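Please read all numbers here as calculations on a predicted model, not as lab measurements.
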Amino acid sequence: MQSKQFLNVKTAALLVVLIYMIPFMLTFYHLGFTDIPPIFNSDMYLYLNMTHLSVNDAGNIISPWYGGEMNPAEFDYGRFSLSFMVFKAIFALCGHSWTLSLIMWNIVWILAIYFSAYYFFKMMLKEQKNLYPIMILALMYLLLVRTTDLKEVIALWTHIPSITDFPELNLSYSRQFFPQSAIPFLFLYLIFLVKLFDNQSLKIWGILLVLQFLALKTFPFLLALIWFLTLIAIIMMHFIDRKKVVWKNAIMMGLAFIVVDAIAWMSAGSAGSPAFKVAAFDFDLSKLSDMIGVSKYLLILFSLIIAFLKPKQGISLKVVVLSLGLASLTSSSCHLFLSSAFQIENHIYYMTDTILTIQMFYIAVILFKETRLTGFKRYITWGLFLFITLSGIAAGYSHYLRFIDQNKDITVIDQYFKEHQKDLGDETDILVMTPAYMPARLSPISLTLEHQFNILYHPDAHFLSSKLQGKPNVHKIRQAIYYYMIGKDMAWVEDAWKENGDFNLQEALTIPGLRLFLIDHNREWFLKKQHDEMKQYFDQVEKKASSIQALLGHYKKFIVVDYSENPLFKEDRLNNYLEYVHSTKKGRFTFKEYKLRDISHQTKANNE
């Protein structure tokens, strides 16, 4: 068999898994096995915290960062929590070890992506067993190389860089939870959609119904892609071969899709949009600039090539693959007339590399009549194998290199709190003040995985802050206190939200779901909204000591984690409210312990 002459499918899968373990192995080599898992991509600690949310007797969610209550109906991520539930099960099986659980999580989903793709790619081959080497290369390319990163990959091999300027490369599915856990459902849906056109049966429709429901509960942007994919494929197949479309079944199951998804979506409840409400429909051609890029040109090019190719394996497969490319372009175009708060283009982009690889492999299957590995073809095949493998290894090394300093910092902080656990006492009585995303690199979001104390402020905590109308925005109050404690004043707030202000700062101050407003036609209105809201809370903090006292009064001890050189928190601001006890230096940090100062006289004076 050709696969044995080149590389076994299972052996290739093992190689892919080992490459995904490279960042872990290199980090553990330098830091040892840590209780808090190392981070190699954005939002990982946010999602890990969401897998284990505490619920009080009233049924409300407790924020792991702030300790405040939130009605489950306000928790938008609760609408698609399937991956969180799966991680929780893996966590239990791994003896409640965060690090081991994350390793196993990666292995499970990487293999799920690999083998679901394998069965879909195998469907493309049918009797063309001689193309197995191409299929294995395609599978490895899918998992190890991002088409959208090809410029950086090529730059890597055209001039081998030194350690100091190693390019930023990414393994295709290193971003845990989203979209990693959604991709297997995409491949399974493609497999059964092809089967549907070859064998119209309600049983297959039922399987598709279940898969699209799982897509909704995993990653709703995949659901949008699936809806467009199915609609485009059915319409296209109707004009090509009407016998393959039973409209009665299609309409009936389409209604079932709508009912099931609507019930699943509405059952989670809703308590209003974050921060402020905006129009859902917002047509703006200026957003087109966000969509123009190499990936879109490739989608258009590959779709045109597929449209004119004559398939060898039947029309159903061609229609599904072509519809997939068109569905990606169609769903992305929704960005033009839907509010930027939906982040349509941003999230559909996560699946672009997967779709491009599917299209490339389909084109290769059509164009290559045979690939007997003799002579020059053997060298080409092994050359591609080495290119893909080494590029994957380089991407794994890049993840390690980019995050080693941050992982070192997180480990140092975690070790400090473990060593002083007995001295600190009840963690629920402690407030920890650490640098947030900006202007420092360190994020305190990981601390809540292993500890129960509250964090003064973190940008991502807004996801679990109550949005109920009429209630004070606790997240904004804490943001104001945080920036006050690092020495900012009202003049800084005014400068931050100017039209020509520092864009990076404006982005850092904006919650993720609303950042796209900074670059669309709503920018002026959005800056004013953000300015007015931050000014309201900052003015309250700056002028009334009672607003800070109201928060600090809930805690008995305060731990300020700050850089030993160039401290971020300002001592004069801290001294107004906190009384210094002692400090410890560890790594790059100083850990200062404070207790609450009696400021009743100051509170009275300020309030007067």
With Ser331, which residues qualify under side chain to side chain contact (heavy atoms under 4.5 Å, CB included), at least two apart?
Leu225, Phe228, Ile348
Side chain to side chain, Asp43 and Asp460, heavy atoms closer than 4.5 Å
yes
Of all heavy-atom pairs between Thr590 and Lys585, which one has the smallest distance, and what is that distance?
OG1-CG, 3.8 Å
CD1 of Ile36 to CG of Leu31: how many Å apart, nearest 0.5 Å?
12.0 Å
Answer yes or no: is there a side-chain heavy-atom contact under 4.5 Å between Ile481 and Tyr457?
no
Could you tell me which non-hydrogen atom of Phe87 sits nearest to which non-hydrogen atom of Leu48, and how far apart they are?
CZ-CD2, 3.5 Å
For Tyr537 and Asn473, which I'm curious about, is there any donor-acceptor pair between the side chains at under 3.5 Å?
no
Who are the side-chain hydrogen bond (donor to acceptor under 3.5 Å, both in side chains) partners of His554, not counting sequence neighbours?
none
Verify whether one side chain among Trp105 and Gln180 offers a donor that lies under 3.5 Å from an acceptor in the other.
yes
Does NZ belonging to Lys586 count more than 12 external heavy atoms closer than 6.0 Å?
yes
List in chain and number order the residues that pass salt bridge (Lys or Arg N to Asp or Glu O under 4.0 Å) with Glu524, two or more places apart in sequence or in another chain; answer none if no residue qualifies.
none
Could you pull out all residues at least two apart from Thr428 that satisfy side-chain hydrogen bond (donor to acceptor under 3.5 Å, both in side chains)?
Asp426
Would Arg523 and Glu499 satisfy salt bridge (charged side-chain N to carboxylate O under 4.0 Å, His left out), going step by step from the backbone distance to the final call?
CA-CA 8 Å; Arg523 175 174 168 79; Glu499 178 65 32; 3.1 Å; yes
Does Lys556, at its NZ atom, have more than 12 non-hydrogen atoms belonging to other residues, nucleotides or ligands within less than 6.0 Å?
no
Can you tell if the side chain of Phe569 reaches within under 4.5 Å of the side chain of Pro435, non-hydrogen atoms only?
yes
The salt bridge (Lys or Arg N to Asp or Glu O under 4.0 Å) partners of Lys498 (sequence neighbours excluded) come to Asp495
For Trp98, give me all partners under ring-ring contact (aromatic ring centres under 6.0 Å, His included), at least two apart in sequence or on another chain.
His52, Phe91
Contacts of type side-chain hydrogen bond (donor to acceptor under 3.5 Å, both in side chains), residue Thr218, not counting sequence neighbours:
none
Can you tell me how far apart OG (Ser546) and CG (Leu551) are? Round to the nearest 0.5 Å.
12.0 Å
Just to verify, what does Phe417 make a ring-ring contact (aromatic ring centres under 6.0 Å, His included) with, not counting sequence neighbours?
His451, Phe453
Over 60° means perpendicular and under 30° means parallel, so classify the ring planes of Phe40 and Phe403, tilted if in between.
perpendicular
Once ring-ring contact (aromatic ring centres under 6.0 Å, His included) is applied, do any residues pair with Phe33, and if so which ones, sequence neighbours excluded?
Phe28
Do Phe517 and Asp520 have side chains that approach each other closer than 4.5 Å (heavy atoms only, starting at C-beta)?
yes
Under a 4.5 Å cut-off applied to non-hydrogen side-chain atoms, are Val541 and Tyr483 in contact?
no
Compute whether any side-chain donor of one residue and acceptor of the other, for Asn49 and Thr448, lie under 3.5 angstrom apart.
yes
Check whether the ring centres of Phe591 and His420 lie less than 6.0 Å apart, and answer yes or no.
no
Can you tell if the side chain of Ile344 reaches within under 4.5 Å of the side chain of Phe221, non-hydrogen atoms only?
yes
Do Gln530 and Leu509 have side-chain heavy atoms sitting under 4.5 Å apart?
no
Sequence-distant partners of Asp502, salt bridge (Lys or Arg N to Asp or Glu O under 4.0 Å), two or more places apart:
none
Please list, chain by chain and in numerical order, all residues satisfying side-chain hydrogen bond (donor to acceptor under 3.5 Å, both in side chains) with Lys528, sequence neighbours excluded.
Asp532
From Lys217 atom NZ to Asp261 atom CG, the distance as rounded to the nearest 0.5 Å:
10.0 Å
Going from CE on Met104 to CG on Asn106, what distance comes out if it is rounded to the nearest 0.5 angstrom?
10.0 Å
If I take atom CG from residue Leu214 and atom OG from residue Ser181, how far apart are they, to the nearest 0.5 angstrom?
11.0 Å
Holding to ring-ring contact (aromatic ring centres under 6.0 Å, His included), I want the full list of residues that pass it with Phe80, two or more places apart in sequence or in another chain.
Tyr77, Phe178
Under a 3.5 Å distance rule, please check whether Arg597 uses its side chain to pair with a backbone N or O of Leu574 as donor and acceptor.
no
Using side-chain heavy atoms (C-beta onward) and a distance below 4.5 Å, is Arg588 in contact with Val412?
no
Qualifying residue, where the test is side chain to side chain contact (heavy atoms under 4.5 Å, CB included) with Thr34 and the options are Ile410, Thr99, Asp414, Thr27
Thr99
Go through the steps to decide whether Phe589 and Tyr416 satisfy the test side-chain contact (heavy atoms from CB on, under 4.5 Å), and finish with yes or no.
CA-CA 10 Å; Phe589 300 99; Tyr416 169 83; over 6 Å; no
Pairwise distance CH2(Trp492) to CE(Met534) - rounded to 0.5 angstrom:
4.0 Å
